[in-house]
Engineer: 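The structure under discussion is supplied below as C-alpha cells; questions concerning it will follow.
Here is how names work: the chains are called A, B, and so on, in the same order as the sequence lines, proteins then strands, and each is numbered from 1.
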Protein chains: 2
Amino acid sequence: MSISPAALEAAHLIDRLERLTRAGDAPGGINPAQWEALRYLARANRFSRTPAALADYLASTRGTVSRTLASLESKGYVARMPNPRDGRSVDFALTAQAQKALRRDPLKAMAEDIDRALRQDAADLVDRLKRTLGTAIARNQGRAFGACASCRHFCPQAHAAAAAPHHCRLLDVPLSDKDSLAICVEQEPAAMPPSRAAGRAAMP
Amino acid sequence: MSISPAALEAAHLIDRLERLTRAGDAPGGINPAQWEALRYLARANRFSRTPAALADYLASTRGTVSRTLASLESKGYVARMPNPRDGRSVDFALTAQAQKALRRDPLKAMAEDIDRALRQDAADLVDRLKRTLGTAIARNQGRAFGACASCRHFCPQAHAAAAAPHHCRLLDVPLSDKDSLAICVEQEPAAMPPSRAAGRAAMP
DNA sequence: ACAATTGATTTCGAGTAGCAATTATGTCCA
DNA sequence: TGGACATAATTGCTACTCGAAATCAATTGT
C-alpha cells in the first residue's frame, strides 16, 4: 500500500520536465492546451477527429475542448466540417498553417534533451513510460488511443491488392497502411478483453 | 540535427502522463499550479520560500506566482511572514492544513502507476529522467534547485557535535541534517562551474 | 546621496477549466 | 409511429492561469 521513494521521485521529475517544456514554448500564439489539440489531430484517424474524442484523449470536458477548438479555428489552425455519418458530430482537420506550426512543436525541445542526455538509452525510457502510461490509463478508466494496427477490430490484408488493404471490423471500413498507424478513439488493445460491451460497462 | 523517433515518442509519453495526472486530481479546491507551489514549499529550505524563488523553479513569472500564492493564502494553505533580512522579500510557509492536503497529493497516483508498472525498474527510470532534466535545465538557463548537500557552497560537518553540524559558505549559516536535504534557490551542483558570478552572467 | 537593481504586487486581456443548461440529432422500444 | 432516452456540441457562469507592463518599496553599488 506504500509508494516507493523512487516512484515518487520519478513522478516528480516527470512533472517538472513537462513544466519546463510547457513554460519554454515558442511564440505563435499557441497555448499548451492548443498544442495538445494540434498534436492529437495530427495523429488521429478520420473517425477520431471530433471534440468528444479529443475531450476523452485529454481527460478534459467537451465544453473546454469546444472552446479550445473554436480558438484554434479563429486563428486559422483548424477547419471544421460536418460529419457525414452523424449530423450531431463535427470533424476537424489541420490546416496547412497548423502543419507548418507543428514543425516547431515545443515538444521537440524535450525530445532533443532526451537525445542529448540519453543517446540510445531513449528506447529504454520509452518502454518504461509506455508501461506506466498503460497503467495510468487503466486507473483512469480511459481509452487507450492506440494505433489501429494494434486493435482487436483490425483485420490486416483483408482486401488483397487494394489501395486500402486492411479492414476495421467495428466500423466496417477499409483502411490504408497509413490509416493503420493513426490513433483511434475506438481502439482497444488486441490482447484480452472479451467484448466491447463488457469493456464499456466496466466504466461507470 | 535530427531528433530520434524514440526521443519524440518519449516526450509524447511524458506529456500525456502528466496530462492524465493533472486531469485526475482530487477535490479540495487545489488547482495544478497551486499543487506545484505546495510541493515546492514542502521541499524548499528556509532561504528559498519566496515568490521569486518559486517563479524561477516553475519557470514562470513573479506576477503569476504572486497570484497563486495569494489564492493559496486565502484558502488557508500557506501563511506569509516578513523576511527579517530583506524588507522587500516575503517568506511563505505551509500550514497544517497544507501538510494534510499533501498527504493526498495527486502526484502519488502517478507514483503508484509507476510502482505497479515497473516494480524495481523505477530506479532506472529515475536515473534517465534525472539526466534528461539536467539537460533541460541547462538549455533553459535555469537553476538546478538541487539539495544543499550537493551544492558547491555546502561544507559538511563544519561544526562538530552541534544540532546543525553542516555549513553553507555562500549564506554563511549553519545547516541541520534535514536542511541539507532540502532544495535551495542558490544551489549549484558541486562539480565543474568555475564561479557563481560566471554562472549568473550566462543568463541574459 | 543617488541611480540602478531587485522583490512583490496589481491591472489587463486572452485563455483554460469544470459544471450546468440548452439545442439538435440519433436510437430504441413499446 | 411516437415518445423516451441518449449523445454531440455549444454557451453562460465563475474561478483561475499566464504573460506583459506598470507601480511601489527596499536594497545595493559607486
Engineer: Using a heavy-atom cut-off of 4.0 Å across all strands, would you classify Arg19(A) as base, sugar-phosphate, or nothing?
Structural biologist: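 Sugar-phosphate, no base atom in range.
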
Engineer: Could you tell me the separation between the CZ atom of Arg80(B) and the C1' atom of dG7(C), rounded to a whole number of Å?
Structural biologist: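 Going from CZ in Arg80(B) over to C1' in dG7(C) covers 12 Å.
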
Engineer: Just how far, in rounded Å, is P of dT11(D) from CG of Leu69(A)?
Structural biologist: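 Result: 12 Å.
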
Engineer: Going from CZ on Phe92(A) to CG on Leu72(A), what distance comes out if it is rounded to the nearest 0.5 angstrom?
Structural biologist: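 Reported to 0.5 Å precision, the distance equals 9.0 Å.
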
Engineer: Could you work out which one of dG7(C), dT16(C), dA9(D) sits closest to the side chain of Ser89(B)?
Structural biologist: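 Nearest to the side chain of Ser89(B) among the choices is dG7(C).
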
Engineer: Are any of Arg22(A)'s side-chain N or O atoms less than 4.0 Å away from OP1 or OP2 of dG19(D)?
Structural biologist: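 No, no such contact exists.
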
Engineer: Could you give the CG-to-C1' distance, from Leu58(B) to dT17(D), as a whole number of Å?
Structural biologist: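 Checked: the CG to C1' distance equals 12 Å.
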
Engineer: Is there a donor-acceptor contact under 3.5 Å from the side chain of Ser89(A) to the main chain of Asp86(A)?
Structural biologist: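 Between the backbone of Asp86(A) and the side chain of Ser89(A) there is no qualifying donor-acceptor contact (under 3.5 Å).
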
Engineer: What I want to find out is whether Asp15(B) reaches Arg19(B) closely enough, with some N-O distance under 4.0 Å, to be called a salt bridge.
Structural biologist: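 A salt bridge is absent here (no side-chain N lies under 4.0 Å from a carboxylate O).
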
Engineer: CG of Leu38(A) versus P of dG15(C): gap in Å, rounded?
Structural biologist: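 In whole Å, dG15(C) P and Leu38(A) CG are 14 Å from each other.
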
Engineer: Classify the ring geometry between His159(A) and His167(A) as parallel (under 30°), tilted (30 to 60°) or perpendicular (over 60°).
Structural biologist: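 Ring orientation, 0 to 90° scale: perpendicular.
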
Engineer: In whole angstroms, how far is the P atom of dG19(D) from the CG atom of Asn31(A)?
Structural biologist: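 Rounding to the nearest Å, CG of Asn31(A) and P of dG19(D) are 10 Å apart.
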
Engineer: Taking only N/O atoms, report every protein-nucleotides 19-25 of chain C pair under 3.5 Å with atom names and distance.
Structural biologist:
residue: dT25(C); atom: O2; partner: Arg88(A); partner atom: NH1; Å: 3.4

Engineer: CD1 of Ile30(A) versus P of dA14(C): gap in Å, rounded?
Structural biologist: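 Going from Ile30(A) (CD1) to dA14(C) (P), I get 17 Å.
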
Engineer: Could you tell me whether the phosphate oxygens of dT16(C), OP1 or OP2, come under 4.0 Å of any side-chain nitrogen or oxygen in Gln34(A)?
Structural biologist: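 Affirmative; the distance criterion is met.
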
Engineer: Asn83(B) has an atom CG; how far is it from atom C1' of dA26(D), in whole Å?
Structural biologist: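 Atom CG in Asn83(B) sits about 12 Å away from atom C1' in dA26(D).
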
Engineer: Considering only side-chain heavy atoms of Thr68(B), which listed nucleotide, dT16(C), dT6(C), dT17(D), is closest?
Structural biologist: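 Output: dT17(D).
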
Engineer: Just how far, in rounded Å, is P of dG7(C) from CZ of Phe92(B)?
Structural biologist: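 After rounding, the gap between these two atoms is 15 Å.
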
Engineer: Could you pick out which residue, Arg85(B) or Ser60(B), lies toward the 5' side of DNA chain D when each is mapped onto its nearest nucleotide?
Structural biologist: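 The residue mapped nearer the 5' terminus is Ser60(B).
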
Engineer: Would you kindly check if the NZ (Lys) or CZ (Arg) of Arg49(A) is within the cone defined by 45 degrees around the ring axis of Tyr40(A) and under 6.0 Å from the six-membered ring centre?
Structural biologist: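 So Arg49(A) doesn't make the cation-pi contact.
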
Engineer: For Lys108(B), does the NZ atom sit with more than 12 other heavy atoms under 6.0 Å from it, leaving out its own atoms?
Structural biologist: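 Result for NZ/Lys108(B): enclosed.
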
Engineer: Looking at Asn31(A) and Gln34(A), would you say the former's side chain and the latter's main chain have a donor-acceptor pair under 3.5 Å?
Structural biologist: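 The answer is no, because no donor-acceptor pair under 3.5 Å joins these two groups.
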
Engineer: Does Thr50(B) have a side-chain nitrogen or oxygen under 4.0 Å from the phosphate oxygens OP1 or OP2 of dG7(C)?
Structural biologist: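 No, outside the criterion.
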
